[in-house]
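Just so it is clear, the values below take in all heavy atoms, side chains as well, and ignore hydrogens, waters and symmetry mates. Throughout, residue positions are numbered sequentially from 1 according to the sequence presented.
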Amino acid sequence: MHGAYHGEYKVPGGKLVVVDLDTEDGVLRNVRVAGDFFLEPDEAILAIDHALEGAPADTDAVGLAARIDAALPPDTRMFGLTSEGVGVAVRRALAHATDWTDYDWQLIHEPAQSPALHMALDEVLTAEVAAGRRPPTLRVWEWGAPAVVIGSFQSLRNEVDPAAAERHGIQVVRRISGGGAMFIEPGNTITYSLSVPDALVQGLSFTDSYAYLDDWVLGALGDMGVRAWYQPLNDIATDAGKIAGAAQKRIVTGQGAVLHHVTMAYDIDADKMTEVLRIGREKLSDKGTKSAKKRVDPLRRQTGLPRETVIERMIASFRGRYGLSEGHVTEDELTRAKELAESKFGTAEWTARVP
């Protein structure tokens, strides 16, 4: 029987944690933790409940985890479970967070679009989700031209060699989310966006929301034989190197929404990338490598599958987990996106807003 608050959280790379609780006079009461994780010894589950009982209701996930760690028997072993994961589940319960399966997800996978129009579609579709006029959406991109996509706050001159970009016919666009530059070639890149209600990530820290929204694709990659994991803050990595980078933008109008988009390297022309991108030694030094070429290990080599098959299997994995109906960009959304591409994302003023 659920308490007044019910929260669920799948630990990244682990198992589901479920928390039911009440609150009284600003503290947690009647806390019950459950899930499909593994925990030894048996009494450790009671220790977790007791540790949370009476905790101030405004305690963050880290503080709740500290209470749990202090109360666990010394020989406790957790499998698919972390103390902080329990803390996050509590925060999501108190925030009345929603779950993936609470929504009717829509897929948009349409013919190739220009880089500027892709930037605009991300903004328009996420704003529509925030306004409640569009269901949560998975959009898989097809690129109409090679591009460099720089983060919202990056310096254009510091990131891109304009002569090399022009020589290779590469457009430069700036997205609305932060993060680093992405080198795009249509046949070598897999990009997708999630436009989700803010309620889906309630109770999660900014960092935790990345791991939470990336978890499904880790499962999809695993099904294709690729052992991948989330690497804070915004990378997806394997033993052989980075394969993807994520970025987010929060929309605060209406009911609120989150744009979470990911670019994955299916294949890569590393020589061309290092000509076009100004990747400095300092940026690479914290990655434990001397060469940008060694930082990225494409999915083509790791899966042995055609790009189209990788995309099909990713979509099928999402559909199997959460359900997914076929959708499209509406005429109104496309009209607004085209206007935005022309007035904002295709302009020198926006692209060079941080020179």
Side-chain angles (χ1 to χ4, degrees), residues 10-14 79-80 82 140-143 146-151 159 168 170 177 179-194 207-248 260-318 321:
K10 185 180 181 299
V11 176
F79 304 94
T82 64
V140 179
W141 303 22
E142 295 295 343
W143 291 91
V148 168
V149 183
I150 59 175
E159 296 299 325
H168 291 293
I170 292 174
S177 62
M182 308 302 295
F183 178 76
I184 306 295
E185 291 183 298
N188 289 346
T189 305
I190 298 173
T191 304
Y192 67 86
S193 302
L194 287 168
T207 301
D208 287 338
S209 72
Y210 273 84
Y212 184 68
L213 295 175
D214 280 340
D215 190 65
W216 72 273
V217 81
L218 301 184
L221 290 169
D223 292 341
M224 288 181 268
V226 178
R227 192 179 77 86
W229 60 86
Y230 160 76
Q231 184 168 292
L233 170 66
N234 62 333
D235 288 349
I236 297 174
T238 69
D239 289 325
K242 173 181 173 179
I243 58 172
Q248 287 186 6
H260 179 91
H261 43 202
V262 174
T263 293
M264 312 179 78
Y266 172 73
D267 205 348
I268 195 163
D269 186 332
D271 292 322
K272 188 186 296 185
M273 180 185 74
T274 52
E275 282 184 51
V276 175
L277 296 184
R278 300 186 192 276
I279 302 177
R281 292 181 181 177
E282 182 177 351
K283 181 175 181 179
L284 292 171
S285 64
D286 69 343
K287 306 296 182 180
T289 180
K290 296 179 180 178
S291 169
K293 301 176 187 179
K294 296 178 182 177
R295 288 189 59 210
V296 180
D297 193 70
L299 285 172
R300 180 178 183 176
R301 187 193 68 78
Q302 294 202 43
T303 65
L305 298 171
R307 175 181 176 275
E308 293 74 16
T309 302
V310 174
I311 291 173
E312 288 171 1
R313 293 197 180 183
M314 287 171 57
I315 291 171
S317 180
F318 191 102
R321 284 178 173 228

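Separation of atoms NZ (K242) and CG (D235) is listed at 4.0 Å; rounding is to 0.5 Å. Once rounded to the nearest 0.5 Å, the distance linking CZ of F183 with CD of E275 reads 9.0 Å. Expressed to the nearest 0.5 Å, how far CE of M264 lies from OG1 of T189 amounts to 11.0 Å. Within the model, atoms CE of M182 and OG1 of T263 stand 4.5 Å from one another, a figure rounded to the nearest 0.5 Å. Remark: D214 CG to I236 CD1 distance equals 4.0 Å, nearest 0.5 Å.
When all heavy atoms of A181 and L277 are compared, the closest pair comes out as CB-CD2, 4.1 Å. Shown here for D297 and R301, the closest heavy-atom pair between the two residues is OD2-NH2, 2.7 Å. Between Y230 and L218, the shortest heavy-atom distance links the atoms N-CD1, 3.7 Å. For the pair Q302 and A240, the tightest heavy-atom approach, listed with the atom from each and the gap, is NE2-CB, 4.1 Å.
Using a 4.5 Å cut-off on side-chain heavy atoms (C-beta onward), V149 and H261 make no contact. Two residues are said to be in side-chain contact when any heavy atoms from C-beta on lie closer than 4.5 Å; Y192 and V217 meet this criterion. Residues W229 and D239 meet the side-chain proximity criterion, which asks for heavy atoms closer than 4.5 Å. The shortest distance between side-chain heavy atoms of I268 and N188 does not fall below 4.5 Å. Between L194 and F318 there is a side-chain heavy-atom pair separated by less than 4.5 Å. You'll find the side chain of H168 reaches within 4.5 Å of the side chain of V276, heavy atoms only. Between P232 and Y210 the shortest side-chain heavy-atom distance does not fall below 4.5 Å. Between V140 and M314 the shortest side-chain heavy-atom distance does not fall below 4.5 Å.
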Please test D215 against K10 for side chain to side chain contact (heavy atoms under 4.5 Å, CB included), starting from the C-alpha separation and ending with a verdict. CA-CA 9 Å; D215 190 65; K10 185 180 181 299; 3.1 Å; yes
Could you go through the side chain to side chain contact (heavy atoms under 4.5 Å, CB included) check for L299 and L221 one step at a time? CA-CA 9 Å; L299 285 172; L221 290 169; 3.7 Å; yes
Run the salt bridge (charged side-chain N to carboxylate O under 4.0 Å, His left out) check on R313 and D223 step by step: do they pass? CA-CA 9 Å; R313 293 197 180 183; D223 292 341; over 6 Å; no
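Within a 6.0 Å sphere centred on CZ of R307, heavy atoms belonging to other residues, nucleotides or ligands number more than 12.
Ring centroid separation for the pair W143 and Y266 does not come in under the 6.0 Å cut-off.
Checked by atom type, the side-chain pair W216/S317 shows no donor-acceptor distance below 3.5 Å.
S209 pairs by the side chain to side chain donor-acceptor pair (under 3.5 Å) definition with Q248, R250, not counting sequence neighbours.
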